[in-house]
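For reference, the structure discussed in these notes is given below.
Numbers restart at 1 for each chain; the letters A, B, ... are given by sequence-line order, proteins then strands. Keep in mind that the numbers below use all heavy atoms, side chains included, and drop hydrogens, waters and symmetry copies.
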Protein chains: 2
Amino acid sequence: MGLTKSHIFTEDQNTLADIFRTLAHPGRIAILQHISKQQGCICNDIVEEIGLAQPTISQHLKELKHMGLIEGEISGKKVCYCINTARWTEIQALINNFLLRTESNCC
Amino acid sequence: MGLTKSHIFTEDQNTLADIFRTLAHPGRIAILQHISKQQGCICNDIVEEIGLAQPTISQHLKELKHMGLIEGEISGKKVCYCINTARWTEIQALINNFLLRTESNCC
DNA sequence: TTGTTATATTGCAATATTACGATAATAAAT
DNA sequence: ATTTATTATCGTAATATTGCAATATAACAA
């Protein structure tokens, strides 16, 4: 069918899956790593850096923004993106919690 | 196009994305949590526990096995699945490393 | 053997994702 | 006002994912 049956799972399970889905693309991983490497905020030389077309990058940035992983600040005709550290820490905790809880009680 | 341009990214970026993709489904999250909740290994009442059809669960188990997250041991006509703790720890380290490195150097 | 139970595989329909050309929107520069 | 540069959105083609019915496979039981 191609349609995930979200309603049969818990909110936590769906949230985790959504977070993982947002990170489940090498391009988005690369974007996050590139943004975090810069000292301050960094504008869209991302397109130059990564070998994807501008609309594609824009779409990936939108998804990362939607999950709250990054924030974009308009500065003239450019947009400066940076990691949303508060949200990042939150997501880090959610993922770690899942990984730790799942490992324990195992055979 | 629908085809991820894996070749333009590093091996690490692709590996991470693959790991995240494997975890990017609430059903697979639920399966992992269910398996880990049991004391020993657990056989396929997973289908009963989670509200998906048997072929669907089988397919998800296959993906989890393929990524090395779980292992299946045949015991008669049943198969007992359990978390591959060594691999789990490895993946945990990869994810944590990514999350920690990306957070630093941020604006 | 025949039947039963447990799991895997196949095939297919429906939806989701990825990618990008074309185009729009916005802001600075001339 | 016109041009130029930067980013976002729309539309669309191609591939991927999800889910399940039908079927296959394998092991035990009667």
Q) Taking the inter-plane angle between the rings of His25(B) and Phe9(A) on a 0 to 90° scale, is it parallel (under 30°), tilted (30 to 60°) or perpendicular (over 60°)? A)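 The rings of His25(B) and Phe9(A) stand perpendicular, inter-plane angle above 60°.
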Can you tell me the distance, in whole Å, between the [atom1] atom of [X] and the [atom2] atom of [N]?
X	N	atom1	atom2	answer
Arg28(A)	dA19(C)	CZ	P	8 Å
Glu48(B)	dT5(C)	CD	C1'	12 Å
Ile57(A)	dT6(D)	CD1	P	15 Å
Arg21(B)	dA16(C)	CZ	P	18 Å
Glu63(B)	dA16(D)	CD	P	13 Å
His25(A)	dA16(D)	NE2	C1'	11 Å
Ile50(A)	dT18(C)	CD1	P	14 Å
Leu3(A)	dA16(C)	CG	P	5 Å

Q) Is His60(A) near enough to dA19(C) that one of its side-chain N or O atoms lies under 4.0 angstrom from OP1 or OP2? A)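 Looking at the OP1 and OP2 atoms of dA19(C), one of them is under 4.0 Å from a side-chain N or O of His60(A).
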Q: Give a yes/no answer on whether the side chain of Lys5(B) brings an N or O atom under 4.0 Å of OP1 or OP2 in dC20(C).
A: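 For dC20(C), OP1 or OP2 has a side-chain N or O of Lys5(B) closer than 4.0 Å.
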Q: For Arg87(B) and Met67(B), indicate whether the former's side chain and the latter's backbone hold a donor-acceptor pair under 3.5 Å.
A: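 Judged by distance alone, yes, a pair lies under 3.5 Å.
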Write down the atom of [X], the atom of [Y], and the distance for their closest heavy-atom approach.
X	Y	value
Asn14(A)	Ser6(A)	ND2-O, 2.9 Å
Ile50(A)	Gly27(A)	CD1-O, 4.3 Å
Ile35(A)	Ile83(A)	CG2-N, 3.9 Å
Leu94(B)	Leu16(B)	O-CD2, 4.1 Å

Q. Roughly how far apart are Leu32(B) CG and Glu103(A) CD, rounded to 0.5 Å?
A.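 That separation rounds to 12.0 Å.
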Q: Remember a base hit wins even if backbone is also touched, and classify Leu52(A) as base, sugar-phosphate or nothing at under 4.0 Å, heavy atoms.
A: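 Sugar-phosphate only.
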Q: Specify the residue among Gly76(B) and Val47(A) whose closest nucleotide of DNA chain D lies further upstream toward the 5′ end.
A: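 Upstream on the strand: Val47(A).
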Q | Residue mapping more 5' on DNA chain C - nearest nucleotide basis, Thr4(A) or Lys77(A) | A |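 The answer here is Thr4(A).
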What does the list of N/O pairs under 3.5 Å between the protein and nucleotides 8-11 of chain C look like, with a distance for each?
unit_1 : atom_1 : unit_2   : atom_2 : d
dA8(C) : OP1    : Tyr81(B) : OH     : 2.6
dA8(C) : OP2    : Ser58(B) : OG     : 3.0
dA8(C) : N7     : Gln54(B) : NE2    : 2.6
dA8(C) : N6     : Gln54(B) : OE1    : 2.9

